[in-house]
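Data first, discussion second: the structure below is written as structure tokens.
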Amino acid sequence: MHHSNVYAVASKDIVFESFDGEAVVLDLSNGKYFGFSDSGSAVWQALSSGVSMQALTGMVDAAALEAFVARLVEFGLLAPSDAPPQPLPDNLPAALAAAKEPLNVSIHDDLADLIIVDPIHEVEEPLGWPAVKQAS
Amino acid sequence: MPRVTMASLPDYARYVIAAAEASAAYFPITRTIRLPGLELTAHLVPGALAESLDRAFIEAEGDQVDVRHLRVFIGHPGIGDLPEPAHWGDAHFTEHGFAQKLAEAGLRGLHFHDLDFWQLHDLRRHVGVQLMRSTDAFPPWEPGSPLRAFLHWEYAARGMRLTHAGTFGLDGKGALLAGAGGAGKSGTVVAGLLSGLDSVGDDYVLVDLEGGVRARPLFSTLKQDPKGFARLGLKTRLGADGPLNWQGKHTFHIEEIAPRPIPATLDIFALMVPHIGRGETSSIMPMSRRDAMMALAPSGIAQMPGERESGFRFFSDLTRLLPCYRISLGPDPEEIAGTIADFLARGS
């Protein structure tokens, strides 16, 4: 059964750690880092552990939450999940009440990987350079 | 020219390593280098890399316990049966996918496409190969910290980490200086050394977290751009006759400016992130661990092949173990060194 508004960490390549309540996420597949504001850290930790968006209603602005989740999905950090929603952590309301910064996630990709393409030999034969051969 | 794909990568690595081992008798030079807990034996040929191996390391002294042995062959076609280095033959190359494929087979590796330069390592047998087109066909950064990838793989497997950070210390205690290039890391380390502080390295140091955070020296190379070289008085002290490196920087060695022998270890009590300040004096302020982690981890992980998740966890643990500070650097090297010396004296 699909539980709308429940998300999970998008892949095993997404790893994260928390520092005094502030989250840092690394996408191992491409070397991109993500830093969260204090409220963003609390919401990330809730959503990534399976708390539904509905459970956060009233604690954060609904439109801001929608936009924040959309960014996390766009960045490949979260994906919709079929798992049943998990209970709200006891400390989350207090963490959000104490937060001083708006919901935000920033991307740090200046040291991210370059994807290297061999331009001469890996082309679609009919098209030739520079059309890159698609994975079959 | 052979081509390697993701599917054939582990077989290629084993083939190259076996060819190097079978050709061992054809390498004219053997160097043994004693590093912390690791004895590195390199088989190679005369040239710039052989010269860099003679100067780039800070060797461990005295008796050591739990010493592992690592053999690395540094060669090119024409030495025994060493083959031509292969091209990469897949449409896409990702660092992470490359590392994962090798790790599944107990192997580690690095490939620098422009030169068909390979570093391949059998972690279980502690044998590695650096295969090049010719004696001097290596990336320009290799002589400054030669074979660092092999050291990275060996130490990471033991829960330690080559860490991209500067260090300074006093009476055996010290601080790590983390941050991206251009933040003032190297200049701060050199200013400290010239003012009588200790350091165990500026670019890559070995860190372990066993019983606290400790940093040990590996590489002796220091770098400064011509402006910093002159500002720090190094032009007068060391001369400026040598060629600049690939980054346009002067390179020199820590023992040329250190006030005393390089300590075997520093007990690290703080993580500091420098930036060039606008004030006349330097200042040190607490900073969040999240921001310190973002200064420390990315370059340390990006500049070392493979071991990404273990690196992320290691640097997270390190950051949690230390108080974190932002140091705003003033314009005067002596004043910077004095500020740091005061900080170290308080921390000791």
Side-chain angles (χ1 to χ4, degrees), chain A residues 9 11-42 44-45 76 99-101 104-125 127 129-136, chain B residues 1 3-6 87-100 103 111-114 116 164 179-182 271 286-324:
Chain A
V9 175
S11 83
K12 61 182 174 48
D13 284 334
I14 305 300
V15 295
F16 51 98
E17 294 275 356
S18 181
F19 303 88
D20 306 320
E22 297 181 315
V24 173
V25 176
L26 169 61
D27 185 342
L28 296 169
S29 71
N30 56 27
K32 292 180 181 176
Y33 288 77
F34 302 86
F36 289 76
S37 63
D38 53 5
S39 63
S41 296
W44 160 261
Q45 295 195 8
K100 296 182 176 68
E101 301 160 339
N104 190 33
V105 55
S106 54
I107 184 167
H108 303 258
D109 60 358
D110 46 331
L111 289 174
D113 299 335
L114 299 172
I115 305 297
I116 295 172
V117 178
D118 179 340
I120 305 300
H121 297 89
E122 299 299 330
V123 297
E124 291 287 9
E125 295 298 337
L127 299 173
W129 163 253
V132 176
K133 185 186 290 181
Q134 299 301 307
S136 56
Chain B
M1 175 66 67
R3 294 189 157 268
V4 177
T5 65
M6 204 62 92
H87 283 320
W88 184 254
D90 264 350
H92 288 83
F93 174 94
T94 69
E95 297 279 354
H96 187 54
F98 180 93
Q100 277 189 312
H111 178 50
F112 182 63
H113 295 248
D114 295 4
D116 288 329
H164 184 226
L271 174 59
M287 73 183 295
S288 76
R289 285 195 167 85
R290 175 195 62 183
D291 291 347
M293 170 71 176
M294 293 300 290
L296 174 68
S299 63
I301 293 174
Q303 293 180 15
M304 294 294 168
E307 306 290 347
R308 272 190 183 170
E309 182 166 2
S310 67
F312 186 69
R313 305 301 182 196
F314 183 94
F315 291 128
S316 296
D317 290 342
L318 188 161
T319 304
R320 287 195 200 93
L321 285 168
L322 297 173
C324 302

Worksheet entry | Validation row: B:I301, A:Y33 side chains within 4.5 angstrom (heavy atoms) | yes
Discussion item. Would A:F19 and B:D291 count as a side-chain contact (heavy atoms from CB on, under 4.5 Å) here? Give the steps.
Written reply: CA-CA 9 Å; A:F19 303 88; B:D291 291 347; over 6 Å; no
Worksheet item: Between B:H96 and A:N30, is any side-chain donor less than 3.5 angstrom from a side-chain acceptor?
Response: no
Fill in: Which portion of A:S18 sits near chain B, non-hydrogen atoms under 4.5 angstrom
backbone
Item to complete: Mark yes or no for whether B:R290, through its side chain, and A:F36, through its backbone, hold a donor-acceptor pair below 3.5 Å.
Response: yes
Discussion item. Could you go through A:E22 and B:R289, starting from their C-alpha distance and side-chain angles, then the distance that decides it, and tell me whether this counts as side-chain contact (heavy atoms from CB on, under 4.5 Å)?
Written reply: CA-CA 8 Å; A:E22 297 181 315; B:R289 285 195 167 85; over 6 Å; no
Worksheet entry | B:R313/A:E17 ion pair, N-O < 4.0 Å | yes
Worksheet item: Looking at CE of B:M294 and CG of A:L26, how far apart are the two atoms once the value is rounded to the nearest 0.5 Å?
Response: 9.0 Å
Worksheet item: chain A heavy atoms under 4.5 Å from B:A297: which part of the residue, side chain, backbone, both or neither?
Response: both
Discussion item. Can you tell me how far apart OG1 (B:T94) and CG (A:L28) are? Round to the nearest 0.5 Å.
Written reply: 11.5 Å
Worksheet item: Can you name the closest pair of heavy atoms from A:V15 and B:F312 and give their distance?
Response: CG2-CD2, 3.6 Å
